[in-house]
Amino acid sequence: MRFVLFALLALGSCADATRTAPGPEQPDVLPYRLDAPDAVIALSGELTETSALTVLPSGRLGTLQDETGTLYEIHPATGAVVDRLVFDGAGDFEGLELAGDAVWALRSDGDLFRLARDSTGTPTARKVETPLKSRNDTEGLAYDAANHRLLVACKEWPGHDLDDVRAIYAFDLATETMAERPVYLLDQAAVDTDLRFRPSALAIHPATGQIYVLSSVRRAIAVLDPDGTLLGVADLHLDAAPQPEGIAFAADGTLYISSEGTTGPGTLLRFAPTR
């Protein structure tokens with residue numbers, strides 16, 4: 001079987017967190033028509049519970065399903081599974097990101113898996129334990145190339161002495177260490193007065209460096225500047241995305257969102273930039 005090159009999630013070093021300030025909802029903050037995807041693609045039955053999304057060097061997409069440590073390579077135009085790589089057993093796998101020459105995967109208990117090839121070309125997987133645990137419910141993972149780190153979002157408990165916020169931590173890829181404090185904090189009241197905004201995925205826009213934080217509970221995307229300023233929140237009211245769990249950008253700015261299926265198959269949505 002042909003294996004593609006992947007690395008699993010490492011969680012990294014953190015500076016003082018930037019906390020978002022409350023602001024109004026701005027549905028036009030994204031240069032995308034979230035109500036009108038260019039394509040809605042049904043995924044295969046084995047990806048009904050698709051979670052996580054990343055763009056691979058081949059231009060194809062990598063994804064997970066949240067019950068086993070298997071990386072799926074899918075075609076972005078058809079959603080067809082092109083290849084599979086089993087790197088771990090049963091587990092709640094929620095994040096996936098290409099970072100340099102490796103792909104990182106994130107489990108909800110904070111453990112990361114780095115997938116790469118050794119000198120003979122053989123695929124390898126290495127687990128990295130982090131200070132984050134199941135209580136944090138780690139789901140979002142993004143590669144911050146400017147700072148050579150991975151960003152990890154907690155869906156639930158943000159950490160000690162933190163209340164009414166959602167936390168994003170950073171993992172330094174050079175040292176494979178993570179500081180105790182998050183690098184970004186989202187005030188829950190700023191992103192959602194009903195407190196339903198729980199991060200399920202992260203991605204960084206290739207042109208602007210803005211951080212897109214996807215929530216599956218409140219189907220919405222919060223957009224942050226690299227300094228942590230909240231630019232706005234846009235809702236994702238689409239029947240084709242009942243439980244959005246993955247987000248990724250192609251180099252040209254094309255936006256991909258993947259959703260678990262609830263009464264049908266999982267879906268892959270494609271959005272071309274409008275500006």
Side-chain angles (χ1 to χ4, degrees), residues 6-15 17-20 26 29-32 34 51-57 59 61-64 76 94-106 112 114 138-155 166-174 178-179 182-186 191 197 199-216 220-234 236 244-258 269-275:
F6 293 109
L8 206 63
L9 166 70
L11 202 63
S13 65
C14 302
T18 300
R19 183 166 179 149
T20 59
Q26 300 175 24
V29 68
L30 281 72
Y32 302 96
L34 292 185
S51 63
L53 203 61
T54 192
V55 177
L56 303 173
L61 300 173
T63 190
L64 303 168
E94 298 286 354
L96 187 71
E97 186 73 341
L98 174 70
D101 62 354
V103 174
W104 293 83
L106 171 67
L112 308 166
R114 185 182 188 276
T138 52
E139 289 206 3
L141 181 64
Y143 176 45
D144 179 3
N147 296 292
H148 194 52
R149 64 188 184 182
L150 292 168
L151 299 180
V152 180
C154 298
K155 189 175 182 179
R166 297 300 178 196
I168 299 175
Y169 288 79
F171 175 80
D172 189 311
L173 287 169
M178 183 173 63
V183 288
Y184 298 110
L185 294 174
L186 287 78
V191 292
F197 193 95
S200 58
L202 290 176
I204 295 179
H205 194 284
T208 66
Q210 293 170 346
I211 304 162
Y212 283 48
V213 187
L214 177 67
S215 170
S216 61
I221 299 173
V223 182
L224 309 179
D225 258 352
D227 66 0
T229 301
L230 177 65
L231 300 179
V233 183
L236 185 66
E245 295 281 352
I247 186 170
F249 291 102
D252 64 359
T254 298
L255 170 66
Y256 292 97
I257 293 175
S258 60
L269 287 69
R270 186 178 74 241
F271 302 85
T274 58
R275 60 181 187 272

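One-based numbering along the sequence shown.
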Kindly indicate whether the side chain of [X], heavy atoms from C-beta on, has any atom under 4.5 Å from the side chain of [Y].
| X | Y | result |
| --- | --- | --- |
| Leu98 | Val55 | no |
| Leu141 | Thr54 | no |
| Ile247 | Ile221 | yes |
| Leu150 | Leu106 | no |

### Summary
In terms of heavy-atom contacts, Ser51 and Glu94 come closest through CB-OE1, 3.5 Å
### Task
Using the six-membered ring wherever Trp is involved, compare the ring planes of Phe249 and Tyr32 and label them parallel, tilted or perpendicular (cut-offs 30° and 60°).
tilted
Supply the atom-to-atom distance [X] [atom1] to [Y] [atom2], rounded to the nearest 0.5 angstrom.
| X | Y | atom1 | atom2 | value |
| --- | --- | --- | --- | --- |
| Asp144 | Leu151 | CG | CG | 5.0 Å |
| Leu269 | Leu34 | CG | CG | 9.5 Å |
| Leu173 | Asn147 | CG | CG | 10.5 Å |

### Query
Hey, is the main chain of Ala272 close enough, under 3.5 Å, to the side chain of Thr254 for a donor-acceptor pair?
no
### Task
Please answer whether the main-chain N or O of Thr229 pairs with a side-chain N or O of Asp227 as donor and acceptor at a distance below 3.5 Å.
yes
### Message
Walk me through whether Gln210 and Asp225 qualify under side chain to side chain contact (heavy atoms under 4.5 Å, CB included).
### Response
CA-CA 5 Å; Gln210 293 170 346; Asp225 258 352; 3.7 Å; yes
### Task
Given side chain to side chain contact (heavy atoms under 4.5 Å, CB included), test Ile257 with Leu53 step by step and report yes or no.
CA-CA 8 Å; Ile257 293 175; Leu53 203 61; 5.8 Å; no
### Query
Side chains of Ser200 and Glu139: is there a donor and an acceptor less than 3.5 Å apart?
no
